Amino acid sequence: MLDLTGPVTFPPVHPLVMGVLNVTPDSFSDGGRFSDAERAIAHGRALVAEGADIVDVGGESSRPGADPVAEADELARVLPVIEALAGEVRVSIDTAKPTVARAAVAAGASLVNDITASLHEVAAETGAGWVAMHMQGQPRTMQVAPTYDDVLVEVLAYLVERAEAAFEAGVAEVWIDPGIGFGKTPAHNWALLAGLDDLVATGWPVAVGTSRKGFLAAVLAEADGAPEPIPAGDRLEGSVATAVAAAAAGVGLVRVHDVAATVAALRTVAA
Ligand code: PMM
């Protein structure tokens, strides 16, 4: 029973909040506003001030249809930003390339955020944590025709297999992430969100990223009475609502662009 006779003293516990810092000229959601290092570092610091527990630095867009980025370009984008921020906050590196992950950890990142769920050996080698995200196909073509017999069953089985492989390889911190929007229709995304408690029940800590994603657009447009899908920058309510729902399902980490609003909502619900 809660003691309701005095001030509430329990700490409001909520999932870790990972703030997105895309250092790319073509990110779908922040439109390349942070494509030079100084502005990226300043934005990273702002995310920390807003309450981010982790800043997720990425130098290659994984937006549907995005072109791959050369390794040297990706390194040049992310390394100065990681070096500047690593002493101030936990930094994760969002990359699909083992060389970039390795260099990022050497520069101070301590979590490899892996949309390909294939870099656990780098995490094992370097002692970093690892986020294994599910994706069907490759970013360039993944939204052409995503198909599953049972999206929740398939994604869950895949992630548990990946997590066990990483754990056996010696990775001490392993997260699983259903990869909202990565080779999924809106119906697949909603089914995965509705099934988050099944992912949580695997016992592996669960991360999820819904922030500003396309599947939110249609439902927000309907709520607004707007005739057109809502642009990425205007999906705050859906982003926060899905982060809160994920927290209620027991997710341990939410990856978001709008850190202040998400932290405020999560703290409120936790209190
Ligand atoms: N989504 C994006 C990029 N990286 N990483 C994880 N672990 N989970 C996600 O859902 C995820 C990710 C795409 O979003 P962005 O282009 O806004 O960064």
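Whatever order the structure lists ligands and atoms in, that order sets their numbers, starting from 1. Keep in mind that this is a model prediction, so the values were computed, not measured. Computed over heavy atoms, backbone and side chain alike; hydrogens, waters and symmetry mates excluded.
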>> If I take atom CG from residue Asp177 and atom CG from residue Leu253, how far apart are they, to the nearest 0.5 angstrom?
In response: 8.5 Å
>> List ligand 1 atoms under 4.0 Å from Gly209, heavy atoms only on the residue side.
In response: 10 (O)
> Just heavy atoms, cut-off under 4.0 Å: does Arg255 contact ligand 1 by side chain, backbone, both, or neither?
Replying inline: side chain
> Is Asp53 reaching over with its side chain to a backbone N or O of Val17, donor-acceptor style, under 3.5 angstrom?
Replying inline: yes
> So, Lys213 side chain and Ile180 main chain: donor-acceptor pair closer than 3.5 Å or not?
Replying inline: yes
>> Need the ligand 1 atom indices (1-based, order shown) with element for anything under 4.0 Å from a heavy-atom of Val131.
In response: 7 (N)
>> Considering only residues two or more places apart or on different chains, which pairs with a residue in residues 74-99 satisfy ring pair (Phe, Tyr, Trp, His ring centres under 6.0 Å)?
In response: none
> What atoms of ligand 1 come within less than 4.0 Å of a heavy atom belonging to Asn22?
Replying inline: 15 (P), 16 (O), 17 (O), 18 (O)
> Looking at ligand 1, does Trp175 have a heavy atom less than 4.0 Å from it?
Replying inline: no
> Taking non-hydrogen atoms only, is Val208 closer than 4.0 angstrom to ligand 1 via side chain, backbone, both or neither?
Replying inline: neither
>> Would you say Val55 ends up clustered with Met133 if hydrophobic residues are merged whenever their side chains have heavy atoms under 4.5 Å apart, either directly or through other cluster members?
In response: no
>> So that I can tick it off, tell me whether Arg255 and Asp94 are bridged by a salt bridge, with the cut-off set at under 4.0 angstrom between side-chain N and carboxylate O.
In response: yes
> Asp177 heavy atoms, cut-off 4.0 Å: which ligand 1 atoms fall inside?
Replying inline: 6 (C), 7 (N), 8 (N), 9 (C)
> Does even one non-hydrogen atom of Gly58 get within less than 4.0 Å of ligand 1?
Replying inline: no
> Do Val155 and Val200 belong to the same hydrophobic cluster, where Ile, Leu, Val, Met, Phe, Trp and Tyr are linked whenever their side-chain heavy atoms lie under 4.5 Å apart, directly or via other members?
Replying inline: yes
> Counting from 1, what ligand 1 atoms have a heavy atom of His257 closer than 4.0 Å?
Replying inline: 17 (O)
>> Applying a heavy-atom cut-off of 4.0 Å, say which part of Lys213 lies close to ligand 1: side chain, backbone, both or neither.
In response: side chain
> Does Ser62 reach ligand 1 with a nitrogen or oxygen that is under 3.5 Å from one of the ligand's nitrogen or oxygen atoms?
Replying inline: no
>> I need the contact type for Ile115 against ligand 1. Using non-hydrogen atoms and a strict under-4.0 Å cut-off, is it side chain, backbone, both or neither?
In response: side chain
>> With ring pair (Phe, Tyr, Trp, His ring centres under 6.0 Å) as the rule and sequence neighbours excluded, what pairs involving residues 81-130 come up?
In response: His120-Trp130
> Closest approach of Ile93 and Asp56, non-hydrogen atoms and distance?
Replying inline: C-OD1, 4.0 Å
> Measuring from the heavy atoms of Met133, does anything fall under 4.0 Å of ligand 1?
Replying inline: yes
